[in-house]
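One structure is given below, encoded as structure tokens.
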2 protein chains.
Amino acid sequence: VSPLNEEEVRHRLQAFPNWTLSAGAIRREFSFPSFIEAFGWMSSVALVAQAMDHHPDWTNVFNRVSVSLSTHDALGLTAKDFTLAAQMDRLFAK
Amino acid sequence: VSPLNEEEVRHRLQAFPNWTLSAGAIRREFSFPSFIEAFGWMSSVALVAQAMDHHPDWTNVFNRVSVSLSTHDALGLTAKDFTLAAQMDRLFAK
């Protein structure tokens, strides 16, 4: 897998206004009404991630989940990161 | 809720050889054969945590979960942290 170049990353990122690029990863913090909703969302995402064989780096503190996506194998960002980000946004919007 | 004092914390910690005390929290890293097992364990812990109304700070990267426990309301460590740590160890040992 080869990583996207910087221009490709910036272009794709325009479709993800809630995500920021930092240290070679795209990041977003998700907030929920409670731990129940936060972990419920994580469970949904876990199923998607496992099906994609592409897993997030994420931290949960009570009702918040901080996500960092990159492709370790490619040492950078790939299309998979943006696909997973889109799925996370979609599941969050529900 | 009042926090445990330093002596109480050190005494309790003796029963938790896999946990370390750092910056007012007790910490352990759990490693699993795969993401499936890691997230399965997190799901089990989430049910326990919600029942206790006491939630971990935790980070998952693929097959690893780094846990930090403290009691935010008490600005320190309480008996609840050690109860949750014991449950995490118990569910991990299965």
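Keep in mind it's a predicted model, so treat the numbers as computed, not measured. The figures that follow rest on heavy atoms only: side chains count, while hydrogens, waters and symmetry mates do not. Labels below follow one simple rule: chain letters A, B, ... track the order of the sequence lines, proteins then strands, and each chain is numbered from 1.
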When heavy-atom pairs shorter than 4.5 Å are enumerated against chain B, which of A/A46, A/A49, A/P56 gives the highest number?
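Looking at each option in turn, the highest pair count goes to A/A46.
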I'd like to know if [Y] and [X] are part of one continuous hydrophobic network [Ile/Leu/Val/Met/Phe/Trp/Tyr, side-chain heavy atoms within less than 4.5 Å].
{"X": "B/L77", "Y": "A/F62", "result": "yes"}
{"X": "B/V61", "Y": "B/I36", "result": "no"}
{"X": "A/F39", "Y": "B/L47", "result": "no"}
{"X": "B/L75", "Y": "B/L4", "result": "no"}

Please report all inter-chain donor-acceptor pairs (under 3.5 Å) between chain B and chain A, with distances to 0.1 Å.
| from | atom 1 | to | atom 2 | distance (Å) |
| --- | --- | --- | --- | --- |
| B/W58 | N | A/N60 | O | 3.1 |
| B/W58 | O | A/N60 | N | 2.8 |
| B/W58 | NE1 | A/N60 | OD1 | 2.6 |
| B/T59 | OG1 | A/T59 | OG1 | 2.6 |
| B/N60 | N | A/W58 | O | 2.8 |
| B/N60 | O | A/W58 | N | 3.1 |
| B/N60 | OD1 | A/W58 | NE1 | 2.6 |

Please, which pairs that meet salt bridge (Lys or Arg N to Asp or Glu O under 4.0 Å) have at least one residue in residues 39-50 of chain B, sequence neighbours excluded?
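Residue pairs with at least one partner in residues 39-50 of chain B: there are none.
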